[in-house]
2 protein chains.
Amino acid sequence: MESKEALSSLAALAHEQRLEIFRLLIKAGETGVPAGEIATTLHVRPNTLSNNLSVLAAANLVHSKREGRTIRYFAALERMSALLGFLMEDCCGGNPEICRPVLKQMSCTN
Amino acid sequence: MESKEALSSLAALAHEQRLEIFRLLIKAGETGVPAGEIATTLHVRPNTLSNNLSVLAAANLVHSKREGRTIRYFAALERMSALLGFLMEDCCGGNPEICRPVLKQMSCTN
DNA sequence: TCGATATTTCATGAAGTATGGAATCGAAGG
DNA sequence: CCTTCGATTCCATACTTCATGAAATATCGA
């Protein structure tokens with residue numbers, strides 16, 4: 001991942017509503033969530049939601065699929081993966097033990 | 001980690017110069033880097049650097065230690081760890097296989 | 001084709017953030 | 001004590017981002 005991509009992802013996530021949207025989509029997983037359902041769940045106006053979804057989409061953090069009148073949104077885990085890799089690049093250059101706790105926090109066993 | 005803390009961390013990182021600073025400190029690990037060395041390495045003015053370091057420090061992403069006239073900065077891995085955990089919370093609620101690739105990207109074996 | 005529903009686009013004012021120059025602080029050395 | 005060096009703070013200007021309402025677009029059912 002390049003610096004500019006990482007920056008756009010971080011900027012997209014550095015916003016209260018967008019962070020909530022993204023985490024909601026992370027939790028929803030493969031199922032995704034229709035735009036309207038995001039709006040009612042998070043109590044946001046549809047136009048504001050649409051703007052924020054477009055920011056997340058421009059940062060490649062989410063993608064969408066039309067289903068008739070509704071549009072279903074999904075978190076883009078592969079992008080998230082690349083971002084985390086970029087942020088922690090070479091963190092273990094000196095000593096693998098140091099960043100071990102970071103990984104532990106991410107473990108999917110909880 | 002609470003949402004507000006995550007937001008301040010993300011906002012701090014969503015800035016070209018601060019992202020470079022943070023990644024430099026991540027690579028430096030336990031050794032840390034003195035402020036002056038950061039300035040010369042990244043070719044930034046000392047006042048700008050100082051501002052940006054204070055933003056990163058306010059977000060608890062870095063901490064510092066005075067050593068005579070110089071001040072040495074370190075990346076705060078425990079904060080980074082909490083941030084990643086917050087972002088990916090419940091990512092595996094449905095299916096552990098889905099977020100496995102995210103972890104792989106972070107693996108310290110490279 | 002018409003109306004209803006779901007979502008997006010656009011322009012705008014208000015608020016927040018970045019930047020660089022100058023002044024300041026704190027520690028070390030003569 | 002005075003100077004130098006490393007780093008920070010202050011401040012005004014310029015820039016960017018944000019939420020909002022009004023209008024537009026797309027899809028479906030009648």
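Per chain, numbering begins at 1; letters A, B, ... match sequence-line order.
Atom CD of Glu2(B) is surrounded by 12 or fewer heavy atoms from other residues, nucleotides or ligands within 6.0 Å. In this structure, Glu89(A) places its CD atom where more than 12 heavy-atom neighbours from other residues, nucleotides or ligands lie under 6.0 Å away.
Contact between the side-chain N/O atoms of Arg45(A) and the OP1/OP2 oxygens of dG21(D) is found at a separation under 4.0 Å. In terms of phosphate contacts, His15(B) brings a side-chain nitrogen or oxygen within less than 4.0 Å of OP1 or OP2 of dT19(C). Between Thr48(B) and dG20(C) there is a side-chain polar atom (N or O) within less than 4.0 angstrom of OP1 or OP2.
A donor and an acceptor atom, one from each side chain of Arg72(B) and Ser64(B), are nowhere located under 3.5 Å apart.
Using a 4.0 Å cut-off on heavy atoms, none of the residues of residues 2-12 of chain B approach DNA chain D. Remark: Arg69(B), Thr70(B), Ile71(B), Tyr73(B) in residues 62-74 of chain B come within less than 4.0 Å of DNA chain D through at least one heavy atom.
Between the side chain of Arg45(B) and the main chain of Asn47(B), no donor-acceptor pair closer than 3.5 Å is present. Remark: the backbone N or O of Ala59(B) is paired with a side-chain donor or acceptor of Arg79(B) at under 3.5 angstrom.
For the pair Arg18(B) CZ and dA18(C) C1', the computed distance is 9 Å after rounding to whole Å. When rounded to the nearest whole Å, the span between CG of Asn52(A) and C1' of dT17(D) equals 11 Å. In this structure, Glu37(A) places its CD atom 19 Å from P of dT5(C), rounding to the nearest Å. Put simply, CD on Gln17(B) is 17 Å from P on dT17(C), counting in whole angstrom units. Computed from coordinates, the Leu49(A) CG to dA19(D) P distance equals 11 Å when rounded to whole Å. Counting to the nearest Å, the P atom of dT17(D) and the CG atom of Leu56(A) are 15 Å from each other. Between the P atom of dA23(C) and the CG atom of Asn47(B) lies a distance of 13 Å, rounded to the nearest Å.
Here dT20(D) is the nucleotide among dT20(D), dT7(C), dT9(D) with the atom lying nearest to any side-chain atom of Asn51(A).
At least one side-chain heavy atom of Lys65(A) sits less than 4.5 Å from a side-chain heavy atom of Phe74(A).
Of the residues Leu83(A), Leu56(A), Asn60(A), the one that meets the side-chain contact (heavy atoms from CB on, under 4.5 Å) test with Ser9(A) is Leu83(A). Each of Thr41(A), Asn52(A), Leu13(A) was evaluated against Ile21(A); a single residue qualifies, Asn52(A), per the side-chain contact (heavy atoms from CB on, under 4.5 Å) test.
Judged by closest nucleotide on DNA chain D, Pro34(B) is the one of Val55(A) and Pro34(B) placed further toward the 5' end.
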Quiz item: How far apart are the C-alpha atoms of Phe86(B) and Glu5(B), what are their side-chain angles, what is the distance that settles it, and do they pass the side-chain contact (heavy atoms from CB on, under 4.5 Å) test?
Solution: CA-CA 10 Å; Phe86(B) 180 82; Glu5(B) 301 174 80; over 6 Å; no
